[in-house]
Amino acid sequence: MFRMDDGVMPRELRIDIIRQGLSELRKRYESCLEAVGKPPLCHAMAAGLLLEMFGSLSQFVMHDAEFKHFILRGADGTLLVYDAESGMCRVVGISEAVKDLLRQPSA
């Protein structure tokens, strides 16, 4: 379970359902690009799907322009990171994420 809070009501979300929904969103975005060929239109469609999925929690969902990579901010100082292409998902603390991101690459 992944806990998120919009300030009104905390919610417990099943990680497998989050992964399934974001994977489906990515597939629909790709299908739209193939069918329509207009990234702005497909982006708007995918953004609408995110709003349907997360509602008021969508303000705590970040994604890249192609809807491949996602970061969800949890209520308890955690982040859920998800790669829709590989299907990999990980929950990490904010402190751990910052340390990982700022770590110097090895020579």
Side-chain angles (χ1 to χ4, degrees):
M1 296 299 268
F2 187 70
R3 188 168 190 257
M4 295 181 78
D5 189 351
D6 63 359
V8 176
M9 184 174 96
R11 284 171 249 171
E12 298 279 336
L13 306 173
R14 288 181 35 193
I15 293 174
D16 61 324
I17 299 296
I18 293 171
R19 290 174 65 177
Q20 181 181 355
L22 294 177
S23 175
E24 182 61 29
L25 184 145
R26 170 69 181 155
K27 288 176 188 171
R28 291 184 63 185
Y29 177 76
E30 289 178 314
S31 294
C32 179
L33 286 177
E34 289 175 16
V36 179
K38 296 183 179 183
L41 181 63
C42 298
H43 191 276
M45 178 274 306
L49 291 173
L50 272 179
L51 282 172
E52 284 180 33
M53 287 173 53
F54 291 99
S56 61
L57 296 173
S58 62
Q59 64 183 322
F60 303 113
V61 179
M62 295 186 305
H63 58 84
D64 63 0
E66 293 84 31
F67 295 90
K68 291 180 187 177
H69 304 105
F70 299 87
I71 299 175
L72 284 66
R73 191 183 87 191
D76 51 359
T78 58
L79 302 172
L80 184 148
V81 294
Y82 177 65
D83 180 332
E85 286 192 317
S86 70
M88 292 178 60
C89 180
R90 183 174 167 207
V91 176
V92 297
I94 291 175
S95 297
E96 180 184 357
V98 169
K99 288 176 186 174
D100 285 349
L101 289 169
L102 296 177
R103 188 170 293 133
Q104 293 292 326
S106 57

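All values reported here derive from a predicted model rather than from experimental measurement.
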Atom [atom1] of [X] and atom [atom2] of [Y]: how far apart are they, to the nearest 0.5 Å?
{"X": "Leu51", "Y": "Gln59", "atom1": "CG", "atom2": "CD", "result": "10.5 Å"}
{"X": "Thr78", "Y": "Arg73", "atom1": "OG1", "atom2": "CZ", "result": "10.0 Å"}
{"X": "Ser23", "Y": "Glu85", "atom1": "OG", "atom2": "CD", "result": "10.5 Å"}
{"X": "Glu96", "Y": "Leu79", "atom1": "CD", "atom2": "CG", "result": "9.5 Å"}
{"X": "Leu57", "Y": "Leu50", "atom1": "CG", "atom2": "CG", "result": "11.5 Å"}
{"X": "Cys89", "Y": "Ile18", "atom1": "SG", "atom2": "CD1", "result": "7.5 Å"}

Closest contact, heavy atoms only, [X] versus [Y]:
{"X": "Val91", "Y": "Ile15", "answer": "CG2-CD1, 3.9 Å"}
{"X": "Lys38", "Y": "Leu33", "answer": "C-CD2, 4.4 Å"}
{"X": "His69", "Y": "Asp64", "answer": "ND1-OD2, 2.9 Å"}
{"X": "Val92", "Y": "Arg90", "answer": "CG1-NE, 3.1 Å"}
{"X": "Ser58", "Y": "Gly55", "answer": "OG-O, 2.8 Å"}

Joint cluster assignment, [X] & [Y], ILVMFWY side-chain distance < 4.5 Å:
{"X": "Met1", "Y": "Leu72", "answer": "no"}
{"X": "Tyr82", "Y": "Met4", "answer": "yes"}
{"X": "Val61", "Y": "Ile71", "answer": "no"}
{"X": "Phe54", "Y": "Ile17", "answer": "no"}
{"X": "Leu25", "Y": "Phe60", "answer": "yes"}

Practice item. Answer yes or no: is there a side-chain heavy-atom contact under 4.5 Å between Arg26 and Glu66? Key: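 Yes, close enough: below the 4.5 Å cut-off.
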Point to revise | Residues which pass side-chain hydrogen bond (donor to acceptor under 3.5 Å, both in side chains) with Ser56, listed by chain and number, not counting sequence neighbours | key: Asp6, Arg11
Exercise for review: Could you list who else is in Val36's hydrophobic cluster, with ILVMFWY side chains joined at under 4.5 Å, directly or through other members?
Suggested key: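 Leu41, all in the cluster of Val36.
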**Study point:** Presence of salt bridge, Asp16 and Arg19, under 4.0 angstrom
**Key:**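 Between Asp16 and Arg19 there is no salt bridge, as every charged N stays at least 4.0 Å from the carboxylate O atoms.
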Check your understanding: Going through the distances and angles, do Leu49 and Met45 end up as a side chain to side chain contact (heavy atoms under 4.5 Å, CB included)?
Key -> CA-CA 6 Å; Leu49 291 173; Met45 178 274 306; 3.4 Å; yes
Exercise for review: Assign the ring pair Phe67 / Tyr29 to parallel, tilted or perpendicular, where the plane angle (0 to 90°) is split at 30° and 60°.
Suggested key: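 The arrangement is tilted - the two ring planes meet at 30° to 60°.
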